[in-house]
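This report concerns only the one structure given below.
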Amino acid sequence: MNPHHILDGLNAPQLEAVTLPDVSALILAGAGSGKTRVLTTRIAWLIQTGRIGPGGVMAVTFTNKAAREMLTRISAMLPINTRGMWVGTFHGLCNRLLRAHFREAALPQSFQILDSQDQLALVKRVMKANGLDDEKYPPRQAQWFINANKDAGLRPSRVDPADEFERRFRDVYEAYDRQCQHEGVVDFAELLLRCHELLSRNEILREHYRARFRHILVDEFQDTNKLQYAWLKLLAGRDSCVFAVGDDDQSVYRFRGAEPGNMRQFEHEFATDHVIKLEQNYRSHGNILDAANALISHNQARLGKNLWTAEGKGEPLRVFEAASDAQEAAYIVDEVRSLRAEGVNLADVALLYRSNAQSRVLEHALFGAGIPYRVYGGLRFFERQEIKHALAYLRLIANAEDDGAFLRVVNFPTRGIGARSVEALQEIARTHGSSLWHAACANPPGGKAGSSIAAFVRLIDGMRTAVAGLPLQEIVESVVEGSSLKDHYRTEKEGAERIENLDELVNAAAAFSAEEIYDPQQPEGGMVDPDDPLSALNAFLAHAALEAGEHQAGAGQDALQLMTAHSAKGLEFHSVFISGLEEGLFPHENSLNELDGLEEERRLMYVALTRARRRLYLTFAQSRMLHGQVRYNLASRFFQELPPALMKRVNAPAARAAGYNPFTGASPRAAFENTVSYAGNPWRVGQNVTHPKFGAGVIVNAEGRGSDARVQVNFREAGLKWLALEYAKLSAA
DNA sequence: TACCTCCACGTTTTT
DNA sequence: CGTGGAGGTA
C-alpha cells in the first residue's frame, strides 16, 4: 500500500495535525471540519509509518458509537486486526483495566457495574438503612452529590461539606461506597475513580501502561471532566503524546461536570507549541455557517475560531412564526412532506428541540400525518424492566454478593417472599455483615416464608450449576427459561413485547460472543478468559451496563429523526428543523440563573445550527401548552443574534402585513380569549407590548375593567409583572 | 398482592 | 398535561 495514500485529500491543517511528530497537541476542530477523519488518519499514519504498533495506541471517546466509528475507519485504512487496540470510551477502557487487575484494584473478579437506575436503588437502600428522611434528603440529590464528587476525584474523606445538608450527604456517600465494596459493585464514576487510584498507587502498573501507550488520542476533549483529565495526565506521564481534539464552542455538558477549561489547561500542561485549528467546514452551505458564526460570536469565553466553507451560500434560513405549538407542528409536517417530495430521505432530516417534553405535540402531528419518525432518547434496550430482571438473575449467578440483583428478583416473578420476609433477611444480613444471599442461605427453613426462601436459593444454585461451562448464549437462554420470566409475562397484557425482548437478549448474547473472542496474543485486550467459566458472562454483563444499546426497532427504516439539540451533537442532516425557539424554552429559563448558563445555551444553539448541510428551518410559537397551561413567549433572543440578511420569513402573510417583527417581539396578533380595555384601547392576552422601563414583553393575563383594568406582562428582561393600565405607559409594540 | 387514586413535579445526559 | 411515586384499599 502506498504509505501516503491515507493522507490523500487532507487540507493543510488536517495534514499538519495528522503528521505531527511525537508531540502532544491540541486540535481545535470546528463543527464539520473532519475531526473524526483527522483522529483516525493520525492513528493509521502512526502505525503505518512504524512509529508505533497497534498495541501502543490508546484512543478515548465518550460514546460507544464514536468508538465503533473510529475502529471501522481504522480498519478501512489499515490491513490490521483492530481487536486488540485500546479504542473505547473512558468507562470501557477503565473497565478493561480493572478487569485485568482486579486484585490490585481490590475488586472481586466478577465485579458488576451499576447503571444509574441500579445506583439510585442502592442509594435509597443505604439511606433507608441509615434512617435518613428521604423527604428532607432526596435520594436523587444524594446520587447527584456522590457522582459530582467522584467526578471531581473526591472520596468521602476529602469532601468538605458546606453545611449540615452536605454533611449528611457526605455520610451517605461514605456508607454507599462501603456497601458497594461489600457487594462487589461499581458505578460509572467509580470505574474512573478506581482506575485513577489504581494507577496512582501502583507504580509498576503505571509505568507499564505509560511505557505501552506512547500515543493517547482523545475525542470531544471539551467534554472531559476533572477526573478524566487527571486520568489522562496520569496515564500519559511525561513521555507519552496526547492528541486532544475538541471544540470549545460545542461544549454543552457543563451541567454534568464537563470542564471545557481543560482545553486551556491542556494547552499549558501539554502542548504549548502545537495548537492546530481546523476551520474549514465540509458540511454546510455558507449561509448556515455564517449564521452559526454570527451567533457564537456573542459568546465572550472562547478560544477563538471561525469556520468557513468553499461551498456556495445556498438558501437563506427559513423562519416560521406560528400562533401555537400545534400550528408550528402542522407547518413542520407540511415542510417535511415537501422535502420528501423533493427526494430528500426522511432519515436525513432532523427535528430538534430543547427539551424532551416538546416532542409530544410534534409526534402527535407526525403520527396524524402518517409520517414515519424515530424519537431518540427513550428507554434503551438494556434498561427495560424485563431485561433488567433477566440480567439480575445472571448477576446473582455471577456474583452472589450483589444485593441489588438479589432484591430485584427475590420475589419476581412472585414466589411468596413479601416485604416482611425481605426485611427479615436484611436484618440478618445487617447483624452478620453479610450479603442477602448468605442470609437467605442461612435462613432456617421454618414456616411458609422460610420454605419459599429456601426454594429461591435452590433455584439460583440450580441455575448456577446447570450453567457452568456452557457457552454464553446457552447460559442466557437457560436463565431466561429457568427464571420463568417468560411465563410471568405471558399472563400480562403488555407481555408479548417483553417476551420478544427476552428472546432478543439471547440473540444479543450470541452476537456478543461472536465478537468477543479471546485472543491469547492480547492478554489484557481480550476480555474473555478461557480459565474462568464465568468470564464470558461477566464480560457480557459489563457490556450490558456500559452500552445500554440502541433502543427502538425500526432503526433502519427511513424515518424523520426527532431528538434534543444535545443528542444531535456529532450528527449531520440534509435538513434540520429547530423548533420552539422561544424565550424561556431556548434559551431555557432555568439556564439564565446559572453561571455561564446563557453562553452554554448559545453553544447548544450553535451545535443545532451546524447540524444542517443544506436547509435550516427555525420555528417558534406565540403560545405553547406547557405543564397543563398555555404560555405566551417571545421569540428567542437568538433571532436577534443572527444576521437578518441570512433569514427569510415564511409566516402567514397576515402577520407580516400587520408589521410584526419577530426579532423584537412586536405587533398585534390573532385574537386571543382574554381582553381588557382602558380609555378605549383594547389589550389582549398574547399581544406584544413595550414599556418605557421594562422594554419588550407579551401580555399573558388580563383582568378588571375601566380604571381597574390590569394586565400581566412577561417582559424579556424584567420577567413577569402586573401593570395597571391607568398608570402604566404601555404601548402596543 | 394488585390495583387505584392522589399528589408533586416538570432542562439538557453518556457511561 | 403527563408521569411516576407513594400510600391506601379490596
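Just the heavy atoms: all of them, side chains too, but no hydrogens, waters or symmetry mates, feed the values below. Chain identifiers are assigned alphabetically (A, B, ...) following the order of the sequence lines, protein sequences preceding nucleic acid strands; residue numbering begins at 1 within each chain.
- Residue contacts for E594(A): at a heavy-atom cut-off of 4.0 Å it reaches a base atom on one of the strands shown.
- Under the side-chain hydrogen bond (donor to acceptor under 3.5 Å, both in side chains) criterion, D177(A) pairs with K150(A), R155(A), not counting sequence neighbours.
- Taking the nucleotide of DNA chain B with the nearest heavy atom to each of H566(A) and A419(A), the more 5' of the two is matched to A419(A).
- Judged by the 6.0 Å and 45° rule, R374(A) forms a cation-pi pair with Y376(A).
- A salt bridge is absent between R302(A) and E599(A): the closest approach of a Lys/Arg side-chain nitrogen to an acidic carboxylate oxygen does not fall below 4.0 angstrom.
- Going from the C1' atom of dT3(C) to that of dT14(B) covers 23 Å, rounded to whole Å.
- D151(A) comes within 4.0 angstrom of nothing in the nucleic acid, heavy atoms only.
- Contacts of E220(A) classified as side-chain hydrogen bond (donor to acceptor under 3.5 Å, both in side chains), with partners at least two apart in sequence or in another chain: K35(A), Q222(A), K569(A).
- Every residue two or more places apart in sequence or in another chain that forms a side-chain hydrogen bond (donor to acceptor under 3.5 Å, both in side chains) with R395(A) is listed here: D118(A), D402(A).
- When each of E547(A) and E601(A) is assigned the nucleotide of DNA chain B with its nearest heavy atom, E601(A) is the one assigned upstream, toward the 5' end.
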Mind listing the N/O atom pairs, protein and nucleotides 6-10 of chain C, below 3.5 Å?
none

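- Between the NE2 atom of H364(A) and the P atom of dG2(C) there is a distance of 10 Å, rounded to whole Å.
- Within 4.0 Å (heavy atoms only), D187(A) reaches no atom of the nucleic acid at all.
- Using C1' as the reference atom, dT12(B) and dG5(C) are 23 Å apart when rounded to the nearest Å.
- No engagement by S591(A) is indicated, since no non-hydrogen atom pair under 4.0 Å with the nucleic acid exists.
- A straight line from CZ of R631(A) to P of dC1(C) spans 16 Å, rounded to a whole angstrom.
- In this structure, N356(A) reaches the sugar-phosphate backbone alone: every heavy-atom distance under 4.0 Å involves primed, P, OP1 or OP2 atoms, never a base.
- Screening residues 411-425 of chain A for side chain to side chain donor-acceptor pair (under 3.5 Å) gives Y393(A)-R415(A) as the qualifying pairs, with residues at least two apart or on separate chains.
- Between E69(A) and R73(A) a salt bridge is recorded (basic side-chain N to carboxylate O distance below 4.0 Å).
- Residues R68(A) and E547(A) are paired through a salt bridge, judged by an N-O separation under 4.0 Å between the basic side chain and the carboxylate.
- Nucleic acid contact for F62(A): sugar-phosphate only, since backbone atoms but no base atoms lie under 4.0 Å from a heavy atom of the residue.
- Here F90(A) lies out of heavy-atom contact (under 4.0 Å) with every strand.
- R140(A) CZ: 12 or fewer foreign heavy atoms inside a 6.0 Å radius.
- Nucleotides of DNA chain B lying under 4.0 Å from heavy atoms of chain A occupy a range whose first and last members, 5' to 3', are dT1(B) to dT15(B).
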